[in-house]
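First comes the structure, then the notes that go with it.
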There are 2 protein chains.
Amino acid sequence: MSRTIKVLLAEDQSMVREALAALLGLEDDIEVVAQVARGDEVLAAARAHDIDVALLDIEMPGMTGIEAAARVHRELPDVKLVVLTTFGRPGYLRSAMESGADAFLVKDAPAAQLAEAVRKVLAGERVIDPTLAAAALAEGANPLTDREREVLRAAEDGSTNAELAATLHLSQGTVRNYLSTAIQKLAVRNRAEAVRIAREKGWL
Amino acid sequence: MSRTIKVLLAEDQSMVREALAALLGLEDDIEVVAQVARGDEVLAAARAHDIDVALLDIEMPGMTGIEAAARVHRELPDVKLVVLTTFGRPGYLRSAMESGADAFLVKDAPAAQLAEAVRKVLAGERVIDPTLAAAALAEGANPLTDREREVLRAAEDGSTNAELAATLHLSQGTVRNYLSTAIQKLAVRNRAEAVRIAREKGWL
DNA sequence: GCCGTCGTATGACATCTGTCATCCGGCAGT
DNA sequence: ACTGCCGGATGACAGATGTCATACGACGGC
């Protein structure tokens, strides 16, 4: 091993972020050289520190870790990307991979896998939970169209059709049509269930 | 300081749990003597290890950290309780305090506060974020009755009135009445919003 | 050029949801 | 004893939601 592996850590909850840094700090071949709390600070920090690996939480303010991964991948293609998330949603895995991630870890995996993953991606390997990979493949692609997704997302907070129509600049009937088709595609019985299922699968 | 402070750590996500353990391990006066991943394992572990402080995440399978805190407080009144959570919901703070917690921390507070809180509670102090305390007081108590809360909780996944009636052994009309009063108490316009608001305030 | 899909829209219809008035029994305060 | 509140229920009504048929223009593939 030539020199220490330089890692950027992106995670919005400071306590968790600093704890993960402490964990990685226990490994002598790994060094956390930068920490950020927002998705939209990732790229700048990555540029500023000449890092080897970026460790990105998905759920962050400003920009998701997946979006941040895509940008880093485009701008700094040599940086390896490890995506970390609370929720093992197959759709997340799919989009993380499409964004150029090299590893996908869920936070309820054993802590040892974190340092492991960092070393493996640097060696050119990809790290993916096999169970999750199977789930992602079994589930198939997102059946929702762009508009259906938008309407579902807007409907999440309990807005009425009239409000949805206003915010999305659509007619009320159109909103109902989209929700109706989404409900049918997801094989559920109302918008609330549709939102829940789509979220669970990582389709929103 | 006579001897090291013995801590029990309860948190369901292994990566976070072990990272927090690593963080606390850096302090020489603190020792993590037990770790559990489920709320319903807390009491037994606390009994088995003669601990000084229990550090409890709220969101856990089996039993919430708040419920676990209440049990430990009843059975082992000398154990100090630190409740840790992702969500700074005023209602959580309120119920944590009612369950006998000595400290209430949100995960996006600086990591240093964790060890700090452990030492402070052992010294007999209480540790509460002042902003959150103010919010909890300003918000007033939970206006929902037991049944209203139950129905709202059951309605979260998008079940229809008929399904709710079946699972709760109520008539459909009664379900609608409870939802209607809950909707009015929360000053919102439908069940979805009611669920969202009640969750946000920590009233479910 | 034709076909399928998407985005958008309308109208009609059936069903679900939310509101309200009203009722009952039980139980806690005063 | 009286008053309120809670849990539970019914019936009636208005409005919101979900379904379906149908339509049109744009665009992509074959």
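This one's a predicted model, so the numbers in the text were calculated from it and none came from an experiment. Letters A, B, ... mirror the listed sequences (proteins, then strands); counts begin at 1. Because only heavy atoms are used, hydrogens play no part in the values below, and waters and symmetry mates are left out as well, while side chains stay in.
At least one donor-acceptor pair under 3.5 Å links the side chain of B:E163 to the backbone N or O of B:T160.
DNA chain D is contacted by both A:G158 and A:Q184; A:G158 maps to the nucleotide lying nearer its 5′ end (nearest heavy atom per residue).
Looking at heavy atoms from C-beta onward, A:L84 lies in side-chain contact with B:M15 at the 4.5 angstrom threshold. Proximity of B:I30 to B:K6: side-chain heavy atoms (C-beta onward) are nowhere separated by under 4.5 Å. Side-chain contact between B:L152 and B:L186 is present, with heavy atoms from C-beta onward closer than 4.5 Å. Side-chain contact check for B:V33 versus B:L8: every heavy-atom pair is 4.5 Å or farther apart.
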Yes or no on side chain to side chain contact (heavy atoms under 4.5 Å, CB included) for B:L179 and B:E148, after CA distance, side-chain angles and deciding distance? CA-CA 7 Å; B:L179 285 172; B:E148 285 160 3; over 6 Å; no
Run the numbers on A:V42 and A:V72 for side chain to side chain contact (heavy atoms under 4.5 Å, CB included), then give the verdict. CA-CA 8 Å; A:V42 168; A:V72 174; 3.8 Å; yes
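Residues that satisfy the side chain to side chain contact (heavy atoms under 4.5 Å, CB included) test with A:A134, not counting sequence neighbours, are absent from this structure. Every residue two or more places apart in sequence or in another chain that forms a side chain to side chain donor-acceptor pair (under 3.5 Å) with B:E156 is listed here: B:R199. For the salt bridge (charged side-chain N to carboxylate O under 4.0 Å, His left out) test, residues two or more places apart in sequence or in another chain that qualify with A:D40 are A:R38. With sequence neighbours excluded, the residues that form a salt bridge (charged side-chain N to carboxylate O under 4.0 Å, His left out) with B:E75 are B:R47. Shown here are the salt bridge (charged side-chain N to carboxylate O under 4.0 Å, His left out) partners of B:D129, two or more places apart in sequence or in another chain: there are none.
Bracketed by its first and final contacts, the part of DNA chain D lying under 4.0 Å from non-hydrogen atoms of chain A reaches from D:dT17 to D:dC20 in 5' to 3' order. First and last contacting nucleotides of DNA chain C toward chain A (any atom under 4.0 angstrom from a heavy atom, 5' to 3' order): C:dC6 to C:dA12.
Of all the residues in residues 161-180 of chain A, A:L170, A:S171, A:G173, A:T174, A:R176, A:N177, A:Y178 reach under 4.0 Å from DNA chain C with at least one non-hydrogen atom. Within residues 194-204 of chain A, no residue has a heavy atom under 4.0 Å from DNA chain C. Contacts between residues 146-157 of chain A and DNA chain C, counted as heavy-atom distances below 4.0 Å, involve A:D146, A:R147.
Looking only at atom types and distance, the side chain of A:R147 has no donor-acceptor partner in the side chain of A:N177 under 3.5 Å away. For the residue pair B:S99 and B:E67, no side-chain donor N or O sits within less than 3.5 Å of a side-chain acceptor on the partner.
Between B:R119 and B:D52 there is no salt bridge, since none of the side-chain N atoms of the basic residue sits less than 4.0 Å from a carboxylate O of the acidic one. A salt bridge links A:D57 to A:K107: at least one charged side-chain nitrogen sits closer than 4.0 Å to a carboxylate oxygen.
Each side chain to side chain donor-acceptor pair (under 3.5 Å) pair with one or both residues in residues 76-86 of chain B, not counting sequence neighbours, appears once here: B:E59-B:T85.
Comparing the local axis fitted to the first five base pairs of the helix from C:dG1-D:dC30 to C:dT30-D:dA1 with the one fitted to its last five gives a bend of 40°, rounded to 10°.
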